[in-house]
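Heads up: the structure comes next, in structure tokens.
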Amino acid sequence: MTSHSRIRIPDGFWAGLYQLGIMAQDVVRKAKMPLTVITESVVTTEQYFAIWQAYSDIIGDMEDGIIKLPIVFETAQYPPSVLAAYHARDYRDALKRMARYKEMCPPENIRMVEEGEICTIEVEWLDTDQPGPPLLVGTTLAFLLELGRRGTGIPLKARLVEFKHSMNQVKGIEDYFGCPIQMGAKCNRLTLHRRDLDRPFASYNAELLDILTPVLDQTLEEQRQSHSITEIVKWILKRNLTGERLEIHHVASELGMSERTLQRRLTDEQTTFKQLLREARHEQAREYLANPSLDIKEVAFLVGYKDQSSFYRAFRGWEGNTPLNWRNEYATINSIS
């Protein structure tokens with residue numbers, strides 16, 4: 001989705017860096033960007049990552065970087081989308097609002113799943129093959145926990161934090177989250193105790209939400225309208241391939257429309273839900289198979305197949321080839337080029 005390539009940096013980011021003794025202009029210079037970025041604050045994904053990388057290089061200590069910025073980020077400086085989460089009814093409502101409104105201020109996407117006694121929150125990157133700088137990933141997860149702590153007024157602890165990349169000084173990060181940190185994981189994920197989601201927010205403000213919510217929902221809708229419904233549905237499906245939410249009514253409810261309306265809009269664009277699900281699985285399968293570190297059983301699971309044989313049959317239908325042969329041919333072509 002191309003609109004995701006323009007990112008607004010919240011004012012609180014620069015103010016937070018200042019609190020840590022880091023000058024905005026030093027970060028921008030290190031990122032080799034014009035100083036006007038500080039006042040305009042609208043950047044591309046690449047520039048956004050470069051700013052975070054520069055901040056990471058300057059602070060030098062990953063532990064300090066991850067923990068300190070969410071703590072010093074003033075509530076008064078929260079952008080409207082985060083303000084709506086901070087003034088939510090309870091922690092669950094806050095996290096749902098964060099996940100919903102994150103679409104408006106990418107590049108990362110937040111996916112929340114409640115199951116049994118746990119709630120997992122995954123952070124993934126949109127529109128980019130480049131993973132975000134490790135410091136940005138860590139700060140995003142720390143901020144989601146910090147939001148719960150500020151809202152409830154209770155020093156909540158996570159259950160587990162997983163990072164794809166490795167980190168130094170894990171001890172301080174573990175102390176902050178109050179749980180073990182796992183590195184080299186398959187995804188960047190914060191696991192919470194589900195019971196904490198029911199905790200009410202002391203910062204709950206119904207009147208403010210009545211003002212903020214319609215405005216944010218309208219902005220989100222306008223942003224979605226600028227894309228074809230086909231693009232949006234496929235994007236939602238790709239986010240949820242490993243979950244249980246692959247029925248049309250799940251996607252319709254995420255889009256805030258009825259199943260019938262969604263079907264009609266897909267028909268208008270000469271496609272069907274089943275067709276888009278096939279395409280989403282096919283495209284993701286190719287992407288995952290291109291990564292040699294994932295074994296084929298994992299790829300089958302990641303694109304939503306419970307067993308390998310169903311995945312093999314589907315893949316042969318798409319490519320006229322087995323996943324293993326496709327992977328070998330892909331590796332050969334890329335080694336030549």
Side-chain angles (χ1 to χ4, degrees), residues 10 12 66-67 69-71 73 75 77-126 132 136-163 173 176-179 181 185 187-206 208-210 212-217 219-220 235-236 239-240 242-245 250-251 253-256:
I66 285 172
I67 296 162
L69 190 58
I71 293 172
F73 204 116
T75 310
Q77 298 268 13
Y78 283 168
S81 55
V82 181
L83 213 51
Y86 176 65
H87 292 296
R89 183 179 292 277
D90 53 32
Y91 195 15
R92 175 181 286 104
D93 184 24
L95 290 169
K96 282 186 170 171
R97 286 173 186 272
M98 283 296 291
R100 177 171 171 75
Y101 298 133
K102 199 73 197 78
E103 258 184 73
M104 298 191 296
C105 46
E108 68 274 47
N109 168 57
I110 296 170
R111 184 162 163 262
M112 176 179 165
V113 178
E114 291 185 56
E115 209 169 358
E117 291 178 6
I118 63 168
C119 169
T120 57
I121 301 163
E122 272 178 44
V123 172
E124 50 204 13
W125 306 105
L126 303 165
L136 172 56
V137 178
T139 306
T140 303
L141 294 182
F143 181 78
L144 293 170
L145 183 62
E146 185 66 25
L147 178 68
R149 287 173 174 172
R150 286 190 188 188
T152 60
I154 297 166
L156 301 175
K157 292 182 175 181
R159 190 164 166 157
L160 176 68
V161 178
E162 294 161 273
F163 291 116
I173 302 171
Y176 174 79
F177 283 102
C179 71
I181 302 289
C187 59
N188 299 303
R189 181 163 53 192
L190 171 67
T191 302
L192 299 169
H193 298 277
R194 197 174 177 183
R195 62 174 184 267
D196 286 336
L197 269 54
D198 295 317
R199 295 184 187 275
F201 268 24
S203 49
Y204 175 49
N205 185 332
L208 187 63
L209 288 179
D210 284 346
L212 283 175
T213 306
V215 176
L216 289 168
D217 285 347
T219 310
L220 186 60
W235 178 72
I236 290 172
R239 270 172 45 198
N240 291 293
T242 54
E244 300 297 315
R245 305 174 61 79
H250 288 133
V251 176
S253 96
E254 187 161 340
L255 289 167

* Between atom NZ of K96 and atom CE of M112, what is the distance when rounded to the nearest 0.5 Å? -> 6.0 Å

* Find the distance between CG (L95) and CG (L147) and round it off to the nearest 0.5 Å. => 6.5 Å

* To do: Run the ring-centre check on Y78 versus F143 and record whether the distance is less than 6.0 Å.
  => yes

* Of all the heavy-atom pairs spanning L216 and A84, show the shortest one and how long it is. => CD1-CB, 3.6 Å

* Electrostatic pair R194:E115 at N-O distance under 4.0 angstrom -> no

* Structure fact -> Taken to the nearest 0.5 Å, the spacing of D93 CG from M98 CE works out to 12.5 Å

* Structure fact -> One should read off an interatomic distance between L136 CG and L141 CG, to the nearest 0.5 angstrom, of 9.5 Å

* To do: Find out whether L220 and R100 are in side-chain contact, i.e. whether some heavy atom of one side chain is under 4.5 Å from a heavy atom of the other.
  => yes

* Steps toward side-chain hydrogen bond (donor to acceptor under 3.5 Å, both in side chains) verdict (R150, S203) -> CA-CA 8 Å; R150 286 190 188 188; S203 49; over 6 Å; no

* Close side-chain approach of C179 and K157, heavy atoms under 4.5 Å -> no

* Structure fact -> Heavy-atom closest pair (L83 atom, T75 atom, distance to 0.1 Å) is CD1-O, 3.9 Å

* To do: Would you mind reporting whether V123 and R189 have side-chain heavy atoms less than 4.5 Å apart?
  => no

* To do: Start with the C-alpha gap between D196 and I154, add the side-chain angles, then the distance that decides, and say whether side-chain contact (heavy atoms from CB on, under 4.5 Å) holds.
  => CA-CA 10 Å; D196 286 336; I154 297 166; over 6 Å; no

* Structure fact -> Shortest non-hydrogen pair, A85 vs A94, comes out as O-CB, 3.2 Å

* Between D217 and Y101, does any side-chain donor sit less than 3.5 Å from a side-chain acceptor? -> yes

* **R199 atom CZ, over 12 foreign heavy atoms within 6.0 Å** => yes

* **Residues in side chain to side chain donor-acceptor pair (under 3.5 Å) contact with R195, at least two apart in sequence or another chain** => none

* To do: Report yes if some heavy atom in the side chain of T140 is under 4.5 Å from a heavy atom in the side chain of N188; otherwise report no.
  => no

* To do: Drop me the distance from T139's OG1 to I66's CD1, to the nearest 0.5 angstrom.
  => 5.5 Å

* Can you tell if the side chain of I118 reaches within under 4.5 Å of the side chain of H193, non-hydrogen atoms only? -> no

* To do: Verify the distance criterion only: is there a donor paired with an acceptor across the side chains of T213 and R97 at less than 3.5 Å?
  => yes

* How far apart are the C-alpha atoms of I71 and E146, what are their side-chain angles, what is the distance that settles it, and do they pass the side-chain contact (heavy atoms from CB on, under 4.5 Å) test? -> CA-CA 7 Å; I71 293 172; E146 185 66 25; 3.8 Å; yes

* Between CG of N240 and CH2 of W235, what distance do you get to the nearest 0.5 Å? -> 9.5 Å

* Going through the distances and angles, do I181 and E162 end up as a side-chain contact (heavy atoms from CB on, under 4.5 Å)? -> CA-CA 6 Å; I181 302 289; E162 294 161 273; over 6 Å; no

* For Y91 and L145, work out which heavy atoms get closest and say how close. => OH-CA, 3.5 Å

* Asked: Got a sec, which residues hit side chain to side chain donor-acceptor pair (under 3.5 Å) with D90, two or more places apart in sequence or on another chain?
  -> none

* Shortest non-hydrogen contact from F201 toward A88 -> CB-O, 3.3 Å

* Considering non-hydrogen atoms only, spot the tightest contact between G148 and T152 and give its length. => O-OG1, 2.7 Å

* Asked: Are E124 and R111 within salt-bridge range, i.e. N to O under 4.0 Å?
  -> no

* Can you tell if the side chain of L192 reaches within under 4.5 Å of the side chain of R159, non-hydrogen atoms only? -> no

* Within 45° of the ring axis of Y176 and under 6.0 Å from its six-membered ring centre, is that where the NZ or CZ of R149 lies? -> yes

